[in-house]
Each structure stands twice: as C-alpha cells, then as structure tokens.
Undergrad: 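Handing you a structure now.
Heavy-atom basis, side chains included; hydrogens, waters and symmetry copies ignored. Within every chain, numbering begins at 1; the chains are lettered A, B, ... in the order of the sequence lines, protein sequences first and strands thereafter.
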2 protein chains.
Amino acid sequence: MPPRQDTSRSKLDDAARAGWLYYVAGNTQDEIAAKLGVSRQSAQRLVSLAISEKLIKVRLDHPIAACLELAARLKDRFGLSFAEIVPSDPGHPDTTLGVADATAAQLERRLASPEPTILGVGTGRTLKAAVELLPEMDCPQHKIVSLTGNIAPDGSAAFYNVIFSLADKVKAPSFPMPLPVIAASEREKTLLHQQVGIEKNLALAREADVWFVGIGDLGPNAPLYEDGFVTRSELKALQKAGAVGEMLGWVYDAQGQLVAGMTNERVASAPLPSAETAMVIAAARGRDKVEAIGAAMRRGLVGGLITDEDTAARLLA
Amino acid sequence: MPPRQDTSRSKLDDAARAGWLYYVAGNTQDEIAAKLGVSRQSAQRLVSLAISEKLIKVRLDHPIAACLELAARLKDRFGLSFAEIVPSDPGHPDTTLGVADATAAQLERRLASPEPTILGVGTGRTLKAAVELLPEMDCPQHKIVSLTGNIAPDGSAAFYNVIFSLADKVKAPSFPMPLPVIAASEREKTLLHQQVGIEKNLALAREADVWFVGIGDLGPNAPLYEDGFVTRSELKALQKAGAVGEMLGWVYDAQGQLVAGMTNERVASAPLPSAETAMVIAAARGRDKVEAIGAAMRRGLVGGLITDEDTAARLLA
DNA sequence: TCAGAAGATGAGTAATTGCCCATGCGTATA
DNA sequence: TATACGCATGGGCAATTACTCATCTTCTGA
C-alpha cells in the first residue's frame, strides 16, 4: 500500500481528472465513474473535492462580472440584503445613467408581483428618471405612498417629486403628502403632521414593505441647496455641523447620525425606519455622493443599494 | 422601445449574471430565477446560454501527475523545450477538446506579457477553437503575423483561418497574408511572394518570437484534402511519396523531411524555421496524427507540443 | 393588414446530482 | 487479542437540472 501522501496525492489527481471531465469535457458523473473505474458516488465526491480544493477555477468573461463581484462585496461589507451595480460610463454627463434603469427594473419587478405591496417613494433626480423608464402597468393591488412633502419653498409642486407620475403610470392608488418638504418651523411641522390625512399617510409609510429613496450629498452642489430647500447659510451651517449626506431631507453626518437641531427639526418627511422595519433601497451614484452613501450604509439607514461600478469601487476603498 | 441590439445585449448580460450566480456564487437555478425575476426555466436557459456563449470559462488548475510525467518524457525524448499534456477523454467526439483550452491558455499567457512579441499563427481547427476560448484582451504591444495564405482554392476566405478573429479579440495589430494557401504554380507563388506587402510579412514571420501551428495527417481524412487544398489524386501521390504529415501546408515524410517537388513547390506559407530560429509550438491530438506529430518532433520542426494524454502515450510507445 | 416564420415561454417529465445513512475495512489502543 | 475509532464506500432518496413539447408572442415580408 502506498503511504498516505501518495494516496492523497493521487486522490487529488483523480479529483482534478474528474473535475476536468465534468466541467471541461461535459461528462456526467456516471460517465466519469465508468472512465475512472469508481462508483458514481465516488465520482461525485471527486468532483466536489475538485471544487472545494479550488482545483477548478471558474471565471466569467463578461463586463458584468466586475459588477457582480462589487455587489457581493458591498453586501458583505455593509450588511446589505440587496445590492445592484451597473457598469460605469466614465465622463458621461447623465448623472443617473444606468442607475435609473436598474432602479426602474427593480420597481417594475416589485410592482409586477400580484402580492399587494405598500411602496414608499422619496424624491430626486434618480427616482424621477427611473419612473420615466417604467412601462405602463396596471397595479391596483399596490399602494404608493410619498415619504416626503411635495411642496417647494416657493409654494409650487416640488420638481423632482415622483409619486404622481409613478402612480399614474402604474395605475396604483397613491398617497401623496401635500405639505412642504421642509416646514418653516418645528411647530408648523408638528401641526401639519397632525392633520388626519397626513397622519394616515405617515402610518402607511411606517407599514410600507419597501422604500425607494435617493441620497443627496451636502457638498457645494448639494441637491437640497440647488433645489432651494435650504438656503446657502443653512447649507454652510449644516456642513459645519459635520453633515455629509441627506435622505428624504434628513441630514446626517459621517457616522450616519442625524444632525441634531437645524433643518432636521423642520423636515416634514416620514421618519427614517430602523433597518429591520422596512427595506430601504437607495439609488445613487457619483463621486460626490460616495461619502453620503457610505455613511448611510454604515449606520444601516439603507438595506439595499443601486449604484454604479465606479461609485461601488470607491465605497469599498 | 429599445432596438434589437439592446435586447440581445441585455440578454447576454442576464446570461452572464445567471452564470455568475450559478457557478461563482453557487446559487441554485430557483434562486437565480427569483433574483432575476424570471421563471426557473428561463433561468436555466440563461445559465446554459452563458455556457454556450463561452461567457463562463472553466480551467483546471492542477498538474495532473500522469500528464506531467508524460510531458517530461516527451520533452526528454524529443528534445522539446515545452510540452503540455491535457487529460484524454476517450471517445469524446470533439477533436480539439482540452488541447484547444490549453492552447488558449498558452496564447493568453504570452499575450498577457507587456514585452512586445511577434506571434506567428498558422491555421486549423485546433487554433480556431483556441482563439474562441480566449478572453477579450488589449495587446497593442504585440504583432500577430499569419504564417499561411488565407484564400481557399475556391477563392473564398479559408475557413479555418484564425488571424482576424485573434487580432480582433486581443486588439493587436495583425499581418495577414492575402494569397492562396497553395498557389497554382511555383511561378505564381514566387511572384506573389515578391509583392512588397507579402515580403514584409514573410520577414516578420522570420523574426517572430513564437509560432503557434497545427499539424495535419495525410491519411484518408487528411485535413489538407478535406478542406480542398489538395485534390484526391494529389493526396494519393503525396502518400505514395511517403508523406505522413503537414504543418502550414508543408508536407513531410516519416523522418520529418519535406517531400520534394509536388505541392511543396507551390505552398505559399512562410518557410519552416530551423529549430533554433523561433519557438514553434504545435497543438494537435488524435490517433491519426501520432505519426505526423512524431515525425515533426524527431526532425526538430517543433520545439513545443500541446497534446492529450492518449496521443502523448502513443508518441512515446 | 395578414399569413408565416422565428423565437420566447411555461408545463411537464426524465435525467442527473447532492446528501444522509448504514456498512465494512483498516488501524490504533487498552 | 478485543474493542473502538476513523474513514471510505455504495444504496437510496430528495433536490436540482436538462430537455421536450405545445402554446403564445413578435417580427417579416408580401
């Protein structure tokens, strides 16, 4: 009898052979068993040994491979239950390119389900672009609830509001929040929230199965400032207080902690849920947003992310 | 509505995704179906599409003892500087199985080098299959030169020509030989070779660092005959003159000596180099080719061989 | 606009694979 | 020497996968 080392060596050899015959030559395990002169079960064990010993290496030769890999790493690193990475197109002017498409695909998938779903939606350029990409659908079984107010500071309808076009497109009952995104005062916000219609809406938001939201940065071109929801001086003050990002208007710092006082006292959006309560899916990309996205994920403010390759790589760096 | 190209593109993307989830992430097809939002059957189709489209590449990373030993003995016996033996799969119909994979791996290795290389390539089923297995690469530093003409006897492009697809896949400058594989007469061949472009090409072939070629036998199913490069009567005459094999169209006898006169006078391929000049790597397997491979090795026409276990054993017998 | 072709889809089913368990062989230990 | 332990083996079965077929959709060309 050959000594142990030879046994295990020739065993690995056989495993390699079996793995080759299986994966490269496309034999069935029965055929391999016959060719190697062992039982079918042993052949199966050899094949799985070849895999567990990493003798067989599989690679995917397609641009998507990198994206899937990044998604897996993001899920692992930040404890996400969902991550979708789309290929980057460096230098492309469209800030929602790809991400909007992927978001639309996710929305569509959930809406296509016959199971009644309560869908919370935020606002922003990415969501708006995603909704535009949605096909017409017929989803009376779902409910779509707005997570933010829909009135801009000047009293007009907020431009990047999406609930109406979404509800219209998929023919689902919708529950908008007819109040300012950021109220004039904490007291005003409280009063507004006590209205019967709004209370019901907020309750619906709490019950929602999934939220789709955008994430904004608080750099010099912060969407919150660009769209006029906060003034220049408010933005400066928020930056000074350590704010790095914003979701539904809720401003948070590098640890994902809500910045106390200031605008957060007046934000009329639905309160952010704990990670367990609902599935919060954020869609955002771009170099400027890396810190904001990272902070939200570290704190567990989001359970799912849709972004692009480049942003994902920076998040992992 | 997205145009056809987008449809088929996103289909391949999905196939890649499915393949990745299946082979890399170890999902079942049911899980993939759920994640991709398609039926189980569709998921199965995507996975098999990923395979049939060669998106998924499997390689065996284990020196199988028996193959290694055969390789060592071949190198020793025939003075080769390189030999790679892949496991045999007796009775498998694919005549390039395994050998093509190994050839692709060798090609990839050399192309991956940043060092500028001149690569001479022949033709044939094995090389064609190998090129198909290559991943997309970006190798502007290398030059790929064809060692044979690329025009079939009927005037069409020779089917097993590989230089274009290879150059395309690895994005390297290529130097094809736009002339018949076997000219009508010695005089025509000489004239063709005197064309400026062809002369440069032949010079490049002489300078090449490595050649990758196939080997054909001259039995009743000789590739040279099957592909229409020689007539039935020419084949008979060659056989009568002792021809046993062929490389780039150059016909040789059991001692590896070129058969004088006949088709060899009209072959438009680059002249075979002496063993020292360039590294000639032949890829071939099969019982029919044993004598042809052996003759080429004995004469030193090849310095490297890629074949399978069974062929290697017969070569040593 | 419509018939036909090509292709996609899902159900059903056969084939293949993965896993658990009982068995047997060889070895170490008291 | 008897006993226990480790481990490989093959049977059996449930899970998974591959394939076939009928139906439906979409595109093409008259």
Side-chain angles (χ1 to χ4, degrees), chain A residues 1-58 60 105 108-109 111-115 134-138, chain B residues 1-58 60 62 65 89-94 97:
Chain A
M1 203 60 200
R4 162 182 294 266
Q5 201 173 4
D6 275 22
T7 311
S8 72
R9 183 198 176 103
S10 72
K11 175 149 211 168
L12 274 188
D13 284 359
D14 280 346
R17 246 168 230 286
W20 187 89
L21 289 167
Y22 189 67
Y23 286 105
V24 183
N27 287 256
T28 69
Q29 296 181 354
D30 269 321
E31 293 171 314
I32 295 168
K35 283 174 187 173
L36 295 181
V38 298
S39 71
R40 217 254 318 150
Q41 292 86 341
S42 299
Q44 195 273 325
R45 282 185 187 105
L46 287 174
V47 171
S48 76
L49 182 66
I51 299 165
S52 64
E53 292 295 323
K54 302 279 163 57
L55 265 33
I56 293 288
K57 294 187 178 161
V58 181
L60 177 62
E108 184 178 349
R109 246 199 70 217
L111 291 168
S113 156
E115 191 72 23
L134 272 181
E136 295 275 337
M137 299 176 72
D138 191 34
Chain B
M1 203 58 201
R4 161 185 295 269
Q5 204 172 3
D6 274 23
T7 311
S8 70
R9 185 201 174 97
S10 74
K11 174 147 210 170
L12 270 190
D13 283 359
D14 279 348
R17 253 167 225 284
W20 189 87
L21 289 167
Y22 190 69
Y23 286 104
V24 183
N27 287 261
T28 69
Q29 296 181 354
D30 269 320
E31 293 170 314
I32 296 169
K35 284 177 187 174
L36 265 44
V38 299
S39 72
R40 193 189 60 72
Q41 290 90 335
S42 299
Q44 195 275 327
R45 285 187 185 105
L46 287 174
V47 170
S48 80
L49 182 66
I51 300 166
S52 65
E53 292 295 321
K54 304 278 167 60
L55 264 34
I56 292 286
K57 299 190 176 159
V58 182
L60 177 65
H62 183 75
D89 182 7
H92 198 290
D94 185 347
L97 185 75

Undergrad: Please list residues of residues 18-30 of chain B whose heavy atoms come under 4.0 Å from any atom in DNA chain D, ordered by number; otherwise none.
TA: B:Y22, B:T28, B:Q29
Undergrad: Begin with the C-alpha distance, continue with both residues' side-chain angles, and end with the deciding distance and a verdict on side chain to side chain contact (heavy atoms under 4.5 Å, CB included) for B:I32 and B:L46.
TA: CA-CA 10 Å; B:I32 296 169; B:L46 287 174; 6.0 Å; no
Undergrad: Measure the spacing between OH of A:Y22 and CD1 of A:I56 and express it to the nearest 0.5 Å.
TA: 11.0 Å
Undergrad: Under the side chain to side chain donor-acceptor pair (under 3.5 Å) definition, can you give me all pairs with a residue in residues 47-58 of chain A, not counting sequence neighbours?
TA: A:K57-B:D61
Undergrad: Quick one: salt bridge (Lys or Arg N to Asp or Glu O under 4.0 Å) pairs with a partner in residues 31-49 of chain A, sequence neighbours left out?
TA: A:K35-B:D89
Undergrad: Carefully, step by step, assess A:L49 and A:L12 under the rule side chain to side chain contact (heavy atoms under 4.5 Å, CB included).
TA: CA-CA 8 Å; A:L49 182 66; A:L12 274 188; 4.1 Å; yes
Undergrad: To the closest 0.5 Å, what do you measure between CD1 (B:I51) and OH (A:Y23)?
TA: 10.0 Å
Undergrad: Can you tell me how far CD of A:Q29 sits from OG of A:S39, rounded to the nearest 0.5 angstrom?
TA: 10.5 Å
Undergrad: Which atom names give the shortest non-hydrogen contact between B:A50 and B:A15, and what distance separates them?
TA: CB-O, 3.4 Å
Undergrad: Quantify the bending of the helix from C:dT1-D:dA30 to C:dA30-D:dT1 as the angle between its end axes, each fitted on five pairs, to 10°.
TA: 30°
Undergrad: Mind listing the residues from residues 34-54 of chain A sitting with a heavy atom below 4.0 Å of DNA chain C? Number order is fine.
TA: A:R40, A:Q44, A:R45
Undergrad: How long is the straight-line distance from CG of A:L36 back to CG of A:D13, given to the nearest 0.5 Å?
TA: 11.0 Å
Undergrad: Tell me, which pairs form a salt bridge (Lys or Arg N to Asp or Glu O under 4.0 Å) where one or both residues lie in residues 15-25 of chain A, sequence neighbours left out?
TA: A:R17-B:E309
